[in-house]
Amino acid sequence: MGLVVSGLAVARGGIPVLEGLSFSVPAGSALILRGPNGIGKTTLLRTLAGLQPPLAGTVTGADEDAAYASHADGVKATLSVTENLAFWAEVYGRTLPQDVFAAFDLETLRDRAAGTLSSGQTRRLGLARLGVIGRSVLFLDEPTNSLDAFSVRLFADWLRDRHLASGGIAVIATHIDLGIDAPILELSPYVAAPDASGGSDEAFL
């Protein structure tokens, strides 16, 4: 089953920001969101993930199998890399998959305290959570923010070859070319009219 969005309108602080959004993302596919800063990409992703209610419209296909991840790492500095990932696996009732360490270039860092990692290593650890929580629908807000080209490629490879290849779905707000074959949804045409109201019809753990 895919993600289906129909007539969606979303608001930030009670003020409508986007309206008239209808799109679908089939299983095994991704959608890239584009638009200038402040247009409402984060608000849209949070609404799609069920973290805030829409003003209008419906979102189907996410439900309890969705996860939202921003560029915040959510890493516990006093725990090791392995302990951080094991914590998230336990929270989601899963066994820690051992292949996640190689996928995010963390193999040699398994026993390192997260607080001693470089910023890039910490970011990769934060993204590696996506590989352990087992959610098939991911809403990602600038996931590669502050990553170097090597780490961006690692993340894109995991997203394409593991998550999407296994039938997962991803909706991603990013200005980076991830090298993934995915349509781009430009949000500028969906900016809510100044007098838009909630009654109008309408676009890690």
Side-chain angles (χ1 to χ4, degrees), residues 1-12 16-35 39-72 74 88-89 91-94 97 100 103 126-144 155-174 176 178-192 196 198-205:
M1 179 180 179
L3 176 73
V4 180
V5 174
S6 180
L8 191 67
V10 302
R12 180 173 54 232
V17 290
L18 296 169
E19 60 183 355
L21 281 156
S22 295
F23 58 84
S24 62
V25 187
S29 302
L31 177 69
I32 306 297
L33 304 179
R34 292 276 169 80
I39 197 171
K41 297 186 293 293
T42 295
T43 301
L44 173 57
L45 287 169
R46 290 179 57 82
T47 304
L48 294 174
L51 299 178
Q52 63 182 66
L55 285 178
T58 59
V59 178
T60 58
D63 305 316
E64 297 301 314
D65 202 28
Y68 167 80
S70 68
H71 47 264
W88 285 104
V91 166
Y92 283 83
R94 292 174 53 81
V100 74
L127 288 173
R129 288 179 300 165
L130 301 174
V132 306
I133 62 176
R135 291 297 189 254
S136 64
V137 184
L138 300 179
F139 299 107
L140 308 177
D141 192 357
E142 301 290 353
T144 59
F155 172 71
D157 288 346
W158 173 83
L159 187 66
R160 180 185 58 249
D161 300 336
R162 311 252 180 137
H163 182 70
L164 299 180
S166 64
I169 290 172
V171 180
I172 314 163
T174 181
I176 301 296
L178 296 175
I180 293 173
D181 183 16
I184 295 173
L185 177 60
E186 172 56 57
L187 295 178
S188 296
Y190 302 98
V191 172
S200 62
D201 231 4
E202 295 133 24
F204 189 100
L205 232 269

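Counting from 1, the numbers follow the sequence of the chain as shown. Everything numeric here is computed off the predicted structure, so don't read it as measured data.
When all heavy atoms of Pro183 and Ala30 are compared, the closest pair comes out as CD-O, 3.4 Å. Nearest heavy-atom pair, Gly131 versus Pro97, reported as atom, atom and distance to 0.1 Å: O-CG, 3.4 Å. Ser29 approaches Leu164 most closely through the heavy-atom pair O-CD2, 3.5 Å. Of all heavy-atom pairs spanning Ile169 and Gly28, the tightest one is CG1-N, 4.3 Å.
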Audit row: Leu31, Leu3, side-chain contact (heavy atoms from CB on, under 4.5 Å) steps and yes/no:
CA-CA 10 Å; Leu31 177 69; Leu3 176 73; over 6 Å; no
Begin with the C-alpha distance, continue with both residues' side-chain angles, and end with the deciding distance and a verdict on side-chain contact (heavy atoms from CB on, under 4.5 Å) for Leu127 and Trp158.
CA-CA 10 Å; Leu127 288 173; Trp158 173 83; over 6 Å; no
Do Ile180 and Ile32 pass the side-chain contact (heavy atoms from CB on, under 4.5 Å) test, and can you show the C-alpha distance, the side-chain angles, and the key distance before you say yes or no?
CA-CA 9 Å; Ile180 293 173; Ile32 306 297; 5.8 Å; no
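Take Arg12 and apply the side chain to side chain donor-acceptor pair (under 3.5 Å) test, not counting sequence neighbours, and it matches no residue. In this structure, the side chain to side chain donor-acceptor pair (under 3.5 Å) partners of Arg162, at least two apart in sequence or on a different chain, are Asp99. Partners of Ala11 according to the side-chain contact (heavy atoms from CB on, under 4.5 Å) rule, which considers only residues two or more places apart in sequence or in another chain, are Leu55. Asp161 is linked by a side-chain contact (heavy atoms from CB on, under 4.5 Å) to Asp157, counting only residues two or more places apart in sequence or in another chain. Applying the side chain to side chain donor-acceptor pair (under 3.5 Å) test to Ser188 and every residue at least two apart in sequence or in another chain returns Glu186.
We find the OG1-NZ distance between Thr174 and Lys41 to be 9.5 Å, quoted to the nearest 0.5 Å. Expressed to the nearest 0.5 Å, how far CG of Leu33 lies from CZ of Phe23 amounts to 6.5 Å.
For the pair Arg34 (side chain) and Leu187 (backbone), a donor-acceptor distance under 3.5 Å is absent.
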Tabulate below the donor-acceptor pairs under 3.5 Å that side-chain atoms of residues 132-143 make, not counting sequence neighbours, or state none.
unit_1: Arg135; atom_1: NE; unit_2: Glu64; atom_2: O; d: 3.2
unit_1: Ser136; atom_1: OG; unit_2: Asp65; atom_2: OD2; d: 2.0
unit_1: Asp141; atom_1: OD2; unit_2: Thr42; atom_2: OG1; d: 2.5
unit_1: Asp141; atom_1: OD2; unit_2: Tyr68; atom_2: OH; d: 3.2
unit_1: Glu142; atom_1: OE2; unit_2: His175; atom_2: ND1; d: 3.3

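Of the options Val25, Val10, Thr43, Leu8, a side-chain contact (heavy atoms from CB on, under 4.5 Å) to Leu48 is made by Leu8 and by none of the others.
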